[in-house]
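Comments concern the structure below.
The chains referred to below are lettered A, B, ... by the order of the sequence lines, with proteins before strands, and numbering in each begins at 1. Quantities reported herein were computed from a predicted structural model and do not represent experimental measurements.
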2 protein chains.
Amino acid sequence: MTRARRFFSCLGDDVRLASMLLIHAEKELCVCELVEALNENQSKISRHLGQLRNCGLVKDRRQGQWVFYSLHPELPDWAIKILEQSSVAEARSLKVMTQRLGSMRNRPERATVDA
Amino acid sequence: MTRARRFFSCLGDDVRLASMLLIHAEKELCVCELVEALNENQSKISRHLGQLRNCGLVKDRRQGQWVFYSLHPELPDWAIKILEQSSVAEARSLKVMTQRLGSMRNRPERATVDA
DNA sequence: ACTGTATATACGCATAACCACATATATACA
DNA sequence: TGTATATATGTGGTTATGCGTATATACAGT
């Protein structure tokens with residue numbers, strides 16, 4: 001009863017939950033984008049992302065001055081499904097955050113790794 | 001971002017997660033059954049069940065000397081689905097606990113409320 | 001080399017979470 | 001009423017968690 005419990009502990013914090021849901025929705029986000037979308041200070045965001053990384057929920061890649069976070073490729077299927085359900089539950093606030101993201105100026109460009 | 005987060009906080013503890021999954025699987029369990037299945041002391045189980053009740057995840061009903069816990073009837077759909085996925089993730093330990101339940105002696109009889 | 005931007009992390013502190021143990025309450029039954 | 005079983009909860013102590021602030025590191029552009 002420890003895999004799932006660890007997963008839930010990670011999601012049991014507003015910043016981490018919101019980060020996970022946004023990353024899930026947007027595929028990949030850098031710290032400064034999350035800072036903007038969640039409207040929280042950088043140190044807080046970084047710290048929580050670090051935790052998510054340590055727990056194996058996300059992976060990071062550096063590109064220039066930015067560090068981009070995405071869901072860890074080996075996240076089990078049940079974990080993904082739980083994120084999907086959580087997105088349903090939090091659709092409202094997720095929308096607000098996505099809008100803040102959309103109206104953000106100077107978003108870093110990705111080195112289009114994907115297709 | 002608070003409904004889901006509260007839910008996850010509740011599941012972010014071994015005793016509470018295991019209790020929720022077992023209750024979900026068995027429909028209704030009393031404290032002493034959970035004590036046996038989880039192999040934990042009564043005080044610990046009771047306290048965590050109290051928390052789950054306060055958070056609206058379970059409801060309780062007294063029958064004689066026993067108090068039976070079941071999932072709260074108004075648990076939203078997404079919450080149920082998350083419990084289902086968690087049961088997949090924790091199938092192994094869930095099985096162990098279910099077996100301990102099965103071999104328990106003197107299990108209290110339910111006043112068959114259902115059908 | 002210097003400056004600015006992005007990110008990570010160390011530190012000290014405040015509070016929350018959890019536990020074991022003891023005790024209180026509720027019910028059943030003699 | 002007295003005893004046994006089941007459950008809930010108060011108390012004190014320990015550990016874990018989260019935060020803000022300050023600082024360190026990494027990279028980009030000059």
Q | Heavy-atom donor-acceptor pair, A:Ser70 side chain to A:Lys27 backbone, under 3.5 Å | A | no

Q | Side chain B:Arg62, main chain B:Val67, donor-acceptor under 3.5 Å | A | no

Sequence-distant partners of [X], side-chain hydrogen bond (donor to acceptor under 3.5 Å, both in side chains), two or more places apart:
X	result
B:Lys44	B:Glu40
A:Arg6	none
B:Asp14	A:Arg5
B:Glu28	B:Arg61

Report the distance from atom [atom1] of [X] to atom [atom2] of [N], rounded to the nearest whole Å.
X	N	atom1	atom2	value
B:Leu49	D:dT9	CG	P	11 Å
B:Gln51	D:dA8	CD	P	13 Å
B:Leu29	D:dA6	CG	P	15 Å
B:Arg53	D:dA8	CZ	P	6 Å
B:Glu109	D:dA6	CD	P	14 Å
B:Arg5	C:dA16	CZ	P	12 Å
A:Arg61	C:dA6	CZ	C1'	15 Å
B:Leu52	C:dA17	CG	C1'	14 Å

**Q.** For DNA chain C, the residues among residues 7-23 of chain B that have a non-hydrogen atom under 4.0 Å from it
**A.** B:Asp13, B:Arg16

Q.
Filter on ring pair (Phe, Tyr, Trp, His ring centres under 6.0 Å), then keep only pairs touching residues 7-57 of chain A, sequence neighbours left out; what's left?
A. A:Phe7-A:Trp78, A:Phe8-B:Phe8

Under 3.5 Å, which protein N or O atoms sit close to an N or O of nucleotides 20-22 of chain D? Give each pair with its distance.
residue : atom : partner : partner atom : Å
D:dG20  : OP2  : A:Asn41 : ND2          : 3.2
D:dG20  : N7   : A:Arg47 : NH2          : 3.0
D:dG20  : O6   : A:Arg47 : NH1          : 2.8
D:dG20  : O6   : A:Arg47 : NH2          : 3.3
D:dT21  : O4   : A:Ser43 : OG           : 3.2

Q) Should we count CG of B:Asn54 as having more than 12 external heavy atoms under 6.0 Å? A) yes

Q. Quick one: which of A:Gln51, A:Met20, A:His72 gives a side-chain contact (heavy atoms from CB on, under 4.5 Å) with A:Val58?
A. A:Met20

Q. How far apart are the C-alpha atoms of A:Glu36 and A:Arg100, what are their side-chain angles, what is the distance that settles it, and do they pass the salt bridge (charged side-chain N to carboxylate O under 4.0 Å, His left out) test?
A. CA-CA 7 Å; A:Glu36 187 88 7; A:Arg100 275 206 289 258; over 6 Å; no

Hey, is the side chain of [X] poking within less than 4.0 Å of OP1 or OP2 on [N], counting only N and O atoms?
X	N	result
B:His48	C:dA17	no
A:Ser46	C:dT7	no
B:Tyr69	D:dA8	yes

Between protein and nucleotides 26-30 of chain C, what N or O pairs are separated by less than 3.5 Å?
none

Q) Tell me, do B:Leu38 and B:Ser19 make a side-chain contact under 4.5 Å, heavy atoms counted? A) yes

Q. For A:Val88, which fellow cluster members are found when Ile, Leu, Val, Met, Phe, Trp and Tyr are connected by side-chain heavy-atom distances below 4.5 angstrom, either directly or through intermediates?
A. none

Q. Linking Ile, Leu, Val, Met, Phe, Trp and Tyr through side-chain heavy atoms less than 4.5 Å apart, which residues share a cluster with A:Phe68?
A. A:Trp66

**Q.** Residues forming a side chain to side chain contact (heavy atoms under 4.5 Å, CB included) with A:Arg47, sequence neighbours excluded
**A.** A:Ser43

(Q) Reading DNA chain C from 5' onward, which residue's closest nucleotide shows up sooner: A:Asn106 or A:Gly50? (A) A:Asn106

Q: Any chance you could encode DNA chain C as dot-bracket? Rule is Watson-Crick or G-U wobble with both distances under 3.5 Å; [ ] for pairs crossing earlier ones, | for another strand.
A: ||||||||||||||||||||||||||||||

